[in-house]
Amino acid sequence: MPITESEVTTKRIKPRLPRGMRDFLPGEMLKREYVFNIVRDVFHLYGFEPLQTPVLELSETLMGKYGDEAESLMYGAYHKGSKDKDKLLLRYDLTVPLARVVAQHYNDIALPFKRYHIAPVWRGEKPQRGRYREFYQCDADIVGIPDMVADAEIVSLVVTILRRLNFPQFRVKINNRKLLTAIGQYSGLENGQLSDLYRSVDKFDKVGADGVGEELYNRGIDKDVIGRMMPLLQAHQPGLENLDHLEASLGHLEVAQEGLRELRELVTYIEAAGIPSEYYEFDFTMVRGLGYYTGPIFETVIIDTDYGSISGGGRYDNLIGLFRGESLPTTGASLGIERIIDLMDELDLYPAHINNTVVDVLVTVFGDETRHEAVKLTAELREAGIKTELYMQDRNLRRQLTYANRKGIPFVVILGTDEIEQGIVTLKQFNNGDEMKIARDELADTIHARLT
RNA sequence: GUGGUUGUAGCUCAAUGGCAGAGCACCUGAUUGUGGUUCAGGCGGUUGUGGGUUCAAGUCCCAUCAGCCACCCCA
């Protein structure tokens with residue numbers, strides 16, 4: 001059905017977006033892709049391979065994995081003719097789909113299964129700065145390896161990515177759910193209160209020790225219990241000494257032994273991988289909100305900002321079992337890619353060549369006499385691998401230069417009747433105003449040389 | 001989800017209940033073969049949306065939508 005002129009003038013639709021969702025215009029996309037490309041390169045460098053799954057999952061796949069609160073934030077989906085409107089959900093993260101995939105395609109994947117996944121997820125939360133209803137997650141996980149060498153790969157991976165993105169000062173905080181369990185046991189915490197412990201301790205950075213103590217008390221935990229665990233949670237000796245400090249109190253507990261052994265082992269591999277010790281530390285107040293972690297957990301913060309964490313992860317040995325009927329050890333990390341992208345701007349970490357444009361050269365056109373030659377020259381430059389835009393209106397040189405300048409295109413090739421007669425072109429470079437007349441067959445090489 | 005706050009030109013923001021404005025950006029010209037600087041001129045608005053009060057509403061009231069901040073939670 002064609003759209004009529006009268007509809008255009010009478011039925012104008014106000015262009016709007018759903019709450020918490022965004023368009024990314026080209027200038028912004030180029031920055032996002034810069035980040036995604038570095039992240040992807042490092043994933044490949046570490047031997048992780050891409051996985052893609054549908055944005056929709058069956059409700060049964062997602063329900064019961066995240067808790068009631070999360071489920072109320074999920075977006076449902078159905079097609080207009082459907083009778084069953086509750087069957088499909090937009091994915092809430094990339095981890096549960098991974099678990100589903102591993103269980104479903106178990107015979108088609110080789111263990112260890114190392115996959116990365118960069119894709120949008122949806123959560124119906126109230127939007128705020130750095131927090132959206134549609135946002136990208138960026139996960140890398142290793143399925144099938146119980147050994148700490150896998151966890152060390154994950155930590156090393158995160159550090160390498162952040163270093164390549166030029167983040168100056170960050171630190172991966174490392175803890176172990178087993179140690180938190182042990183601290184709870186040692187202090188006399190009842191079993192059912194462990195999740196209260198996680199939730200309160202997570203706010204250590206924000207409300208401090210007193211605030212956490214108060215909150216634990218409000219959650220119905222005994223003052224004596226709180227008194228016993230606070231000094232252990234706050235242990236802050238350098239490096240491995242921190243573990244010795246915990247062992248003195250918790251050494252008699254089996255779960256503590258295991259947690260300590262894991263972290264000591266983890267550190268030996270991180271060291272062997274050559275990760276400088278300034279990039280990681282033990283922090284027993286870092287717990288992560290998610291319930292499914294079973295072993296070492298990680299979280300990365302930028303030092304001296306209150307920007308929150310920019311990556312998180314850990315070992316979750318039982319999640320895949322929900323789809324498989326048998327546990328499969330898994331560890332991984334998720335990059336807070338939206339926060340990273342925001343921070344890149346704030347800390348001015350984008351290299352200068354991330355411009356508003358991908359175009360290297362604009363080829364000018366002056367009416368019918370030069371157009372065919374310009375099209376031909378454009379094709380030659382593209383053939384030589386130079387990102388070339390052909391000017392497509394008949395406007396004077398001034399306009400064409402203004403256009404190139406505004407878009408940040410670094411070079412303009414001027415091809416007028418004079419140049420065509422002489423078999424040359426005029427190459428103009430914007431950053432220094434250089435202008436030179438050169439032979440056509442030298443143009444591509446000259447541009448290549450000046451681009452680097 | 002709870003509480004607070006804001007919404008005026010593309011952007012940043014002015015306007016005691018009384019003519020809707022400025023800077024930047026954009027367009028045109030000075031300059032139809034030379035951008036960025038400069039100068040002159042110009043375009044641009046249902047004041048988020050819908051109701052209400054009033055002689056009169058950008059301004060006051062109600063609702064609604066959206067943004068921001070804090071909490072909850074999280075990336």
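A, B, ... follow the sequence lines: proteins, then strands. Residue 1 opens every chain.
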Toward the 5' end of RNA chain B, by each residue's nearest nucleotide, A:Asn431 or A:Asp418: A:Asp418
Nearest nucleotide by nearest heavy atom, which residue falls closer to the 5' end of RNA chain B, A:Gly130 or A:Glu69? A:Glu69
Rounded to whole Å, how long is the line connecting atom [atom1] of [X] with atom [atom2] of [N]?
| X | N | atom1 | atom2 | value |
| --- | --- | --- | --- | --- |
| A:Leu73 | B:U2 | CG | P | 13 Å |
| A:Arg123 | B:A75 | CZ | C1' | 6 Å |
| A:Tyr292 | B:C74 | OH | P | 11 Å |
| A:Asp342 | B:C74 | CG | P | 20 Å |
| A:Tyr92 | B:C73 | OH | P | 12 Å |
| A:Leu401 | B:U34 | CG | C1' | 5 Å |
| A:Leu415 | B:U34 | CG | C1' | 15 Å |
| A:Glu71 | B:G1 | CD | C1' | 16 Å |

Opposite nucleotide pairing with [N], Watson-Crick or G-U, both atom distances under 3.5 Å:
| N | answer |
| --- | --- |
| B:U38 | B:A30 |
| B:C68 | B:G4 |
| B:C60 | B:G52 |
| B:U47 | none |
| B:C11 | B:G23 |

In terms of relative ring orientation, are A:Phe170 and A:Tyr279 parallel, tilted or perpendicular, with 30° and 60° separating the classes? parallel
Please verify the inter-ring angle class for A:Tyr316 with A:Tyr293; under 30° counts as parallel, over 60° as perpendicular, anything in between as tilted. perpendicular
From A:Arg398 atom CZ to A:Asn405 atom CG, the distance as rounded to the nearest 0.5 Å: 11.5 Å
Atom OG in A:Ser309, atom CZ in A:Arg288: separation rounded to 0.5 Å? 5.5 Å
Base, sugar-phosphate, or nothing for [X], non-hydrogen atoms under 4.0 angstrom?
| X | value |
| --- | --- |
| A:Gly312 | nothing |
| A:Ile414 | base |
| A:Thr95 | nothing |
| A:Gly408 | nothing |
| A:Thr364 | nothing |
| A:Tyr136 | nothing |
| A:Ser334 | nothing |

Using the side-chain hydrogen bond (donor to acceptor under 3.5 Å, both in side chains) rule, take A:Tyr46 and A:Ser156 through it: C-alpha gap first, then chi angles, then the decisive distance, then the call. CA-CA 9 Å; A:Tyr46 276 71; A:Ser156 167; 2.7 Å; yes
Taking only the [atom1] atom of each, what is the distance from [N] to [M] in whole angstrom?
| N | M | atom1 | value |
| --- | --- | --- | --- |
| B:U46 | B:C39 | P | 31 Å |
| B:C61 | B:U54 | C1' | 12 Å |
| B:G17 | B:C73 | C1' | 44 Å |
| B:C68 | B:A57 | P | 32 Å |
| B:A66 | B:C72 | P | 24 Å |
| B:U8 | B:G3 | P | 25 Å |
| B:U47 | B:G10 | C1' | 16 Å |
| B:G23 | B:U5 | C1' | 26 Å |

Using a cut-off of strictly less than 4.0 Å, decide whether [X] has a side-chain nitrogen or oxygen near OP1 or OP2 of [N].
| X | N | answer |
| --- | --- | --- |
| A:Arg395 | B:C27 | no |
| A:Arg131 | B:C73 | no |
| A:Arg129 | B:C68 | no |
| A:Arg19 | B:G67 | yes |
| A:Gln128 | B:A70 | yes |
| A:Arg406 | B:C26 | yes |

Taking the side chain of [X] as its heavy atoms from C-beta onward, which of [options] lies nearest to it?
| X | options | result |
| --- | --- | --- |
| A:Lys126 | B:G3, B:A75, B:C27 | B:G3 |
| A:Lys428 | B:G33, B:U34, B:A75 | B:U34 |
| A:Glu419 | B:G33, B:U28, B:U34 | B:G33 |
| A:Arg398 | B:C74, B:G67, B:U34 | B:U34 |
| A:Pro127 | B:G33, B:G35, B:C68 | B:C68 |

Can you tell me whether the side chain of A:Arg288 and the base of B:C74 have a donor-acceptor pair closer than 3.5 Å? no
Taking atom types as they are modelled, is there a donor-acceptor pair under 3.5 Å from the base of B:G33 to the side chain of A:Gln400? no
Sub-4.5 Å side-chain heavy-atom contact between A:Glu49 and A:Phe113: no
Stacking between A:Phe430 and the base of B:G36 (centre distance under 5.5 Å, interplanar angle under 30°)? no
For A:Tyr136, is the NZ or CZ atom of A:Arg32 found under 6.0 angstrom from the centre of its six-membered ring and inside 45 degrees of the ring axis? yes
Within 45° of the axis and under 6.0 Å from the centre of the six-membered ring of A:Phe411, does NZ or CZ of A:Arg450 qualify? no
Test: A:Glu389 and A:Lys407 ion pair at under 4.0 Å: yes
